[in-house]
Visitor: 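Please read through the structure below; I'll follow up with questions.
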Protein chains: 2
Amino acid sequence: MRSRRVDYTESTRHALVESALELFTKRGYAGTSLDAIVKRARVTKGALYHHFSGKQALFEAAFDLVETTAMDRLTSIMDGDGTAWERAMAGIQAYVRVCLEPSYQRIVIHEAPVVMGWERWREAEEHRSYGLVRAAVEALVAAEEIEPLPVEVTARILFGALHAGAETIASATDPKATAADVSRTVVAVMNGMRRGG
Amino acid sequence: MRSRRVDYTESTRHALVESALELFTKRGYAGTSLDAIVKRARVTKGALYHHFSGKQALFEAAFDLVETTAMDRLTSIMDGDGTAWERAMAGIQAYVRVCLEPSYQRIVIHEAPVVMGWERWREAEEHRSYGLVRAAVEALVAAEEIEPLPVEVTARILFGALHAGAETIASATDPKATAADVSRTVVAVMNGMRRGG
DNA sequence: ATGTTGGACATACCGATGGTATGTCGAAGA
DNA sequence: TCTTCGACATACCATCGGTATGTCCAACAT
């Protein structure tokens, strides 16, 4: 009952998500029509509505793809060895790089809260990128590397700070130099929270 | 050549912006139709397109209104007396309160970067709320209250951190307690940047 | 072998919405 | 009094998200 020769179903679905991902990144959610998406994916709206319940669902699929890709990269970096502090620093560096990618920036940071609604975005992020940041903060507190600040709030604030830093880098005339500044500043902030500093 | 008895023109324009402001705050930009806006303002689309070039322009008018209102409140608070540090702290408290207002949060923080585009939003903010944060950071550096970090980047990061903090408060089950946590954490961050700390 | 079912699409169509083109009315100037 | 013009109102159009329907074909059942 499943599949003919090959699994056309999966490739069609993948083509749609890929197409949506690219167009949403370039033109944004509102600026991208379903016709444009299906045209790029070389299918029709019938296929789209067969696989997804609508434009939002397709957006969330693209969102999931970007997040999953980012997650994989981040976990592999943060699971390395070293102290909690060292891994947190490595994680920050890595996360800022993730934030610099156009797809992540536009889809995950900017559009998702608007398209999905902030609450839903927050829930999704709870187990994704934000989850990693939070875990890092928890590890730092547990290791008594930083002052015992409220974890949830500290993680949220750090999360927001990293986004802002990445955006600043992305739109800077001298990204290299700005990236160095962001790095310095974030480290300074973290150092400020450090114990006995 | 201008106005009949009274200035109907101005009241019509104001009604449209007010209506747009309220509806954009409640339903968001995409979720608000022009028909709904003009209906609430008791005018027609003809009036809307006479005063504004389109939906985006109307949004920006609403954006300006929210920003101007917020600016006035903030400047009056931050222009008080005290040291640069004291005024910065007062400004932070005040700005977090501003961020908690639904209109500011939804229109200025969430939707504007998407609707206007991030670059345009940044430019607009340059002389508005962000300008105040930046000025505060500059004052702190000038007064040698904090470490000589790059002003632009530090201000951006602080700006992002404040937004994240405000959002956390707004969606918290216990806003009062969370607000206190945010306050503590932001102050901790600022203290971390402080000289000789 | 043949009829039947159901998944994987394609095509045609509909309603809502942003935007435009045109019409109207009344006040101010010539 | 005639014309002009600003401040709208009305009618209309094109695009777009979503739906309803049709088609094709493989996997069963008989």
Side-chain angles (χ1 to χ4, degrees), chain A residues 1-24 26-63 107 111-112 114-117 120, chain B residues 1-24 26-63 107 111-112 114-117 120:
Chain A
M1 66 171 68
R2 100 138 32 115
S3 87
R4 319 178 191 205
R5 292 306 177 88
V6 284
D7 204 338
Y8 282 125
T9 260
E10 202 55 34
S11 72
T12 299
R13 195 187 175 88
H14 186 259
L16 281 166
V17 175
E18 275 289 324
S19 172
L21 174 52
E22 197 134 340
L23 290 172
F24 284 154
K26 275 192 213 152
R27 327 264 184 201
Y29 182 79
T32 303
S33 72
L34 294 184
D35 284 340
I37 293 174
V38 299
K39 190 176 176 185
R40 187 187 180 89
R42 297 174 196 278
V43 293
T44 64
K45 284 212 287 190
L48 196 162
Y49 276 91
H50 177 73
H51 288 286
F52 303 94
S53 62
K55 197 182 184 184
Q56 281 218 19
L58 183 54
F59 176 87
E60 296 198 21
F63 172 86
I107 292 179
E111 306 244 338
V114 175
V115 174
M116 301 163 60
R120 187 164 168 65
Chain B
M1 69 170 70
R2 94 140 36 118
S3 85
R4 315 169 196 211
R5 299 293 184 93
V6 284
D7 203 339
Y8 282 125
T9 250
E10 202 54 35
S11 72
T12 299
R13 195 186 175 88
H14 186 259
L16 280 167
V17 175
E18 275 288 327
S19 172
L21 174 52
E22 197 134 341
L23 289 172
F24 284 154
K26 276 193 212 151
R27 326 261 185 204
Y29 181 79
T32 304
S33 72
L34 294 183
D35 284 340
I37 293 174
V38 299
K39 190 175 176 184
R40 187 187 180 92
R42 295 175 196 279
V43 293
T44 64
K45 284 211 287 188
L48 196 161
Y49 276 91
H50 178 72
H51 288 286
F52 303 93
S53 63
K55 196 181 184 184
Q56 281 217 18
L58 183 55
F59 176 87
E60 295 197 21
F63 172 87
I107 292 179
E111 306 242 333
V114 174
V115 174
M116 301 163 60
R120 188 164 168 65

Visitor: Show the nearest heavy-atom pair for residues A:A47 and A:T12, with the distance to one decimal.
Guide: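 Taking A:A47 first and A:T12 second, the nearest heavy atoms are CB-CG2, 4.2 Å.
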Visitor: Expressed as a whole number of angstroms, how long is the span from A:H50:NE2 to D:dG22:P?
Guide: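 Distance, rounded to whole Å: 18 Å.
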Visitor: Does D:dA7 have its OP1 or OP2 closer than 4.0 Å to a side-chain nitrogen or oxygen of B:H51?
Guide: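 So the side-chain polar atoms of B:H51 never come under 4.0 Å of the phosphate oxygens OP1 or OP2 of D:dA7.
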Visitor: What residues, two or more places apart in sequence or in another chain, satisfy side chain to side chain contact (heavy atoms under 4.5 Å, CB included) together with B:E111?
Guide: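 Applying side chain to side chain contact (heavy atoms under 4.5 Å, CB included) to B:E111 gives A:V114, B:Y29, B:F59, B:R106, B:V115.
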Visitor: Please list, one pair per line, the donor and acceptor atoms closer than 3.5 Å that link side chains of residues 30-44 of chain B to other protein atoms, with sequence neighbours excluded.
Guide:
unit_1, atom_1, unit_2, atom_2, d
B:T32, OG1, B:L23, O, 3.2
B:T32, OG1, B:G28, O, 2.6
B:S33, OG, B:A36, N, 3.1
B:R40, NH2, B:E22, OE2, 2.9
B:T44, OG1, B:G46, N, 3.4

Visitor: Are any of A:T44's side-chain N or O atoms less than 4.0 Å away from OP1 or OP2 of C:dT11?
Guide: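 Answer is no, no contact under 4.0 Å.
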Visitor: With the criterion being N/O to N/O and under 3.5 Å, what pairs connect the protein with nucleotides 14-19 of chain C, and how long is each?
Guide:
unit_1, atom_1, unit_2, atom_2, d
C:dG18, OP1, B:T32, O, 3.3
C:dG18, OP1, B:K55, NZ, 2.8
C:dG18, OP2, B:L34, N, 2.8
C:dG18, N7, B:K45, NZ, 3.2
C:dG19, OP2, B:Y49, OH, 2.7
C:dG19, OP2, B:K55, N, 3.0
C:dG19, O5', B:Y49, OH, 3.1
C:dG19, N7, B:K45, NZ, 2.9
C:dG19, O6, B:K45, NZ, 2.5

Visitor: For B:R120, enumerate each residue passing the side chain to side chain donor-acceptor pair (under 3.5 Å) test, keeping only those at least two apart in sequence or located in another chain.
Guide: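 Per chain and number, B:R120 pairs via side chain to side chain donor-acceptor pair (under 3.5 Å) with B:E60.
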Visitor: Note down the inter-axis angle between the two ends of the helix from C:dA1-D:dT30 to C:dA30-D:dT1, five pairs each, to the nearest 10°.
Guide: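 Roughly 20°, once rounded to the nearest ten degrees.
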Visitor: What is the separation between atom CG on A:L16 and atom C1' on D:dG17, rounded to the nearest whole Å?
Guide: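 Atom CG in A:L16 sits about 15 Å away from atom C1' in D:dG17.
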Visitor: How many Å lie between CZ on A:R13 and P on C:dG7, as a whole number?
Guide: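 Going from CZ in A:R13 over to P in C:dG7 covers 15 Å.
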Visitor: Whole angstroms only, please: what is the CG-P distance between B:L48 and D:dA7?
Guide: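 In whole Å, D:dA7 P lies 15 Å from B:L48 CG.
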Visitor: Atom CZ of A:R42 and atom P of C:dA8: how far apart are they, to the nearest Å?
Guide: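 Taking CZ of A:R42 and P of C:dA8, I get 22 Å after rounding.
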Visitor: How long is the gap from CD1 on A:I107 to CG on A:L21, to the nearest 0.5 Å?
Guide: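 Those atoms lie 4.5 Å apart.
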Visitor: May I ask you to verify if any side-chain N or O of A:T12 is less than 4.0 angstrom from the OP1 or OP2 atom of C:dC9?
Guide: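 A:T12 to C:dC9 OP1/OP2: side-chain N or O found under 4.0 Å.
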Visitor: Whole Å only: how far is the CZ atom of B:F52 from the P atom of D:dA7?
Guide: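 Value for this atom pair: 13 Å.
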Visitor: I need the full list of ring-ring contact (aromatic ring centres under 6.0 Å, His included) pairs touching residues 38-57 of chain A, with sequence neighbours left out, sorted by first then second residue.
Guide: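 Sorted result for residues 38-57 of chain A: empty, none.
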